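Residue numbers start from 1 in every chain, and the chains themselves are labelled A, B, ... in the order their sequence lines are given, proteins ahead of strands. As the structure is a computational prediction, the values presented were derived from the model and not from experiment.
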2 protein chains.
Amino acid sequence: MNLSPKIENFVLHCGEMGSRWGFNRTIGQMVGLLVINEHPLTANQIAEALKISRGNVSMGIKELQSWQLVKVHHIPGDRKEYYAPNGTIWDLANKVFEERRKREIDPTLTLLRDQILDTANSPEEKYAQEQMQSIHDLLETVTKWSAELQRLTPEQLQSLMKLGSSVSKVIDLKDKLLKKS
Amino acid sequence: MNLSPKIENFVLHCGEMGSRWGFNRTIGQMVGLLVINEHPLTANQIAEALKISRGNVSMGIKELQSWQLVKVHHIPGDRKEYYAPNGTIWDLANKVFEERRKREIDPTLTLLRDQILDTANSPEEKYAQEQMQSIHDLLETVTKWSAELQRLTPEQLQSLMKLGSSVSKVIDLKDKLLKKS
DNA sequence: TTTAACTTTCAATAATTACTGAACGTTTAG
DNA sequence: CTAAACGTTCAGTAATTATTGAAAGTTAAA
């Protein structure tokens with residue numbers, strides 16, 4: 001398992017980015033490695049390619065499974081497990097978004113709702129509640145939107161993109177249509 | 001500077017979330033604190049409220065300024081600096097997105113483009129390039145979309161949301177319109 | 001110019017997070 | 001049943017990241 005410089009480059013970059021997307025460097029590299037390899041890899045191949053311990057691979061795979069980002073393959077007559085990305089790039093990105101929504105946005109919305117319903121007993125708390133309401137509304141909007149986007153295939157998205165660069169135009173379209181009907 | 005339990009709760013939560021949005025726990029708390037306070041705060045007030053050192057506040061503010069998330073106020077006859085959020089909630093969210101795009105997505109796009117243009121000298125590299133192309137396309141789409149969304153006011157967004165829950169419908173609308181004309 | 005009131009910096013250290021590798025668990029072939 | 005081939009766990013340790021606090025920098029009033 002020797003990576004070509006080009007591929008190694010990509011894998012290292014995934015490592016750097018991985019930490020920003022919710023997992024750590026090593027796990028980012030693992031995703032990168034699995035994604036640029038056409039065929040599933042064994043835990044030992046991963047350990048060797050990334051120069052990390054076997055135990056670390058096991059922990060990383062476990063974490064990736066909790067994100068639903070990898071699936072396991074088996075080859076008849078072979079006891080090893082072979083790991084591969086669980087879906088297309090688009091699927092993986094969706095899963096990361098979805099998981100982060102669950103872990104970050106949902107708990108925040110819950111907290112905000114609780115606080116907003118509670119009665120404010122000072123002007124400071126009143127202001128605080130107003131701000132929390134803004135955050136709440138923003139998060140809810142973003143959540144709904146991302147749910148919408150996730151339903152689209154990449155092709156539909158591309159098509160939407162080509163509409164003419166401006167979402168405002170979509171709004172205008174909507175308005176026109178609604179007036180006609 | 002004594003926080004009411006309700007407000008403290010929110011601030012602590014911002015701390016937890018802060019780390020996920022690109023900064024660390026303390027800096028997350030600082031943002032939370034500034035956002036739920038109607039009036040600008042001095043560095044000492046922040047240090048006292050969050051029970052951290054004065055030096056840490058200074059570093060945190062510096063970091064937040066690099067994200068363009070805080071602005072400085074001055075009161076005539078007072079040499080202290082007063083810090084406040086740099087815009088509405090929506091503005092702040094936009095700035096975070098924008099900054100993360102610059103720090104994460106743009107460098108990734110550059111790397112991917114380089115790799116894709118380079119000639120593949122093995123079937124593995126060929127496949128790798130195809131995958132990189134997918135990632136590239138996805139990131140570009142997401143980038144363009146977020147740029148579009150950022151142009152909208154929260155009100156426009158809300159309006160778009162109310163369109164009827166499904167973006168696919170917008171695409172259908174578009175198709176119908178284009179066929180008619 | 002001195003002093004007081006502030007801010008910034010950064011080396012030392014604390015806190016957190018990630019990794020290793022040995023021990024243990026499980027499955028299957030012989 | 002035993003050994004080999006694999007996967008998992010976790011205590012100990014390494015690496016990284018965050019924080020403190022003392023020293024140095026800045027500004028303005030006296």
Check this for me: does any side-chain nitrogen of one of A/Glu98 and A/Lys95 sit under 4.0 Å from a carboxylate oxygen of the other?
no
Kindly write out the residues that satisfy salt bridge (Lys or Arg N to Asp or Glu O under 4.0 Å) with A/Asp91, not counting sequence neighbours, or none if the list is empty.
none
Partner set under salt bridge (Lys or Arg N to Asp or Glu O under 4.0 Å) for A/Arg100, not counting sequence neighbours
A/Glu104
Fellow cluster residues of B/Ile75, listed by chain then number, with links counted only when side-chain atoms sit under 4.5 Å apart:
B/Tyr82
Looking at residues at least two apart in the chain, or sitting in another chain, which of them share a side-chain hydrogen bond (donor to acceptor under 3.5 Å, both in side chains) with A/Thr26?
none
side-chain hydrogen bond (donor to acceptor under 3.5 Å, both in side chains) partners for B/Asn9, two or more places apart:
none
Listed pairs under 3.5 Å, donor-acceptor, residues 122-131 of chain A side chains, sequence neighbours left out:
| from | atom 1 | to | atom 2 | distance (Å) |
| --- | --- | --- | --- | --- |
| A/Ser122 | OG | A/Glu124 | OE1 | 3.4 |
| A/Ser122 | OG | A/Glu125 | N | 3.2 |
| A/Glu125 | OE1 | A/Asn121 | N | 3.0 |
| A/Glu125 | OE1 | B/Lys6 | NZ | 3.3 |
| A/Glu125 | OE2 | B/Ser4 | OG | 2.8 |
| A/Gln129 | NE2 | A/Gln115 | O | 2.8 |
| A/Gln129 | NE2 | A/Asp118 | O | 2.6 |
| A/Gln131 | NE2 | B/Val35 | O | 3.1 |

Once side-chain contact (heavy atoms from CB on, under 4.5 Å) is applied, do any residues pair with [X], and if so which ones, sequence neighbours excluded?
X        : answer
B/Ser19  : none
B/Arg103 : A/Arg20, B/Glu63, B/Ser66, B/Trp67, B/Glu99
B/Ser146 : B/Gln150

Treat primed atoms plus P, OP1 and OP2 as sugar-phosphate and everything else as base, then score nucleotides 17-30 of chain D 5' to 3': B for base contact with protein heavy atoms under 4.0 Å, S for sugar-phosphate contact only, - for none.
-SBBB-----BS--
Send over the distance from [X] [atom1] to [N] [atom2], rounded to a whole Å.
X       : N     : atom1 : atom2 : result
A/Asn44 : D/dG7 : CG    : P     : 7 Å
A/His74 : D/dC6 : NE2   : C1'   : 11 Å
A/Asp78 : D/dG7 : CG    : C1'   : 13 Å

Bounded by its outermost nucleotides with an atom under 4.0 Å from a heavy atom of chain A, the footprint on DNA chain C reads C/dA18 to C/dT28
Near DNA chain D, under 4.0 Å by heavy atom, which residues of residues 8-19 of chain A?
none
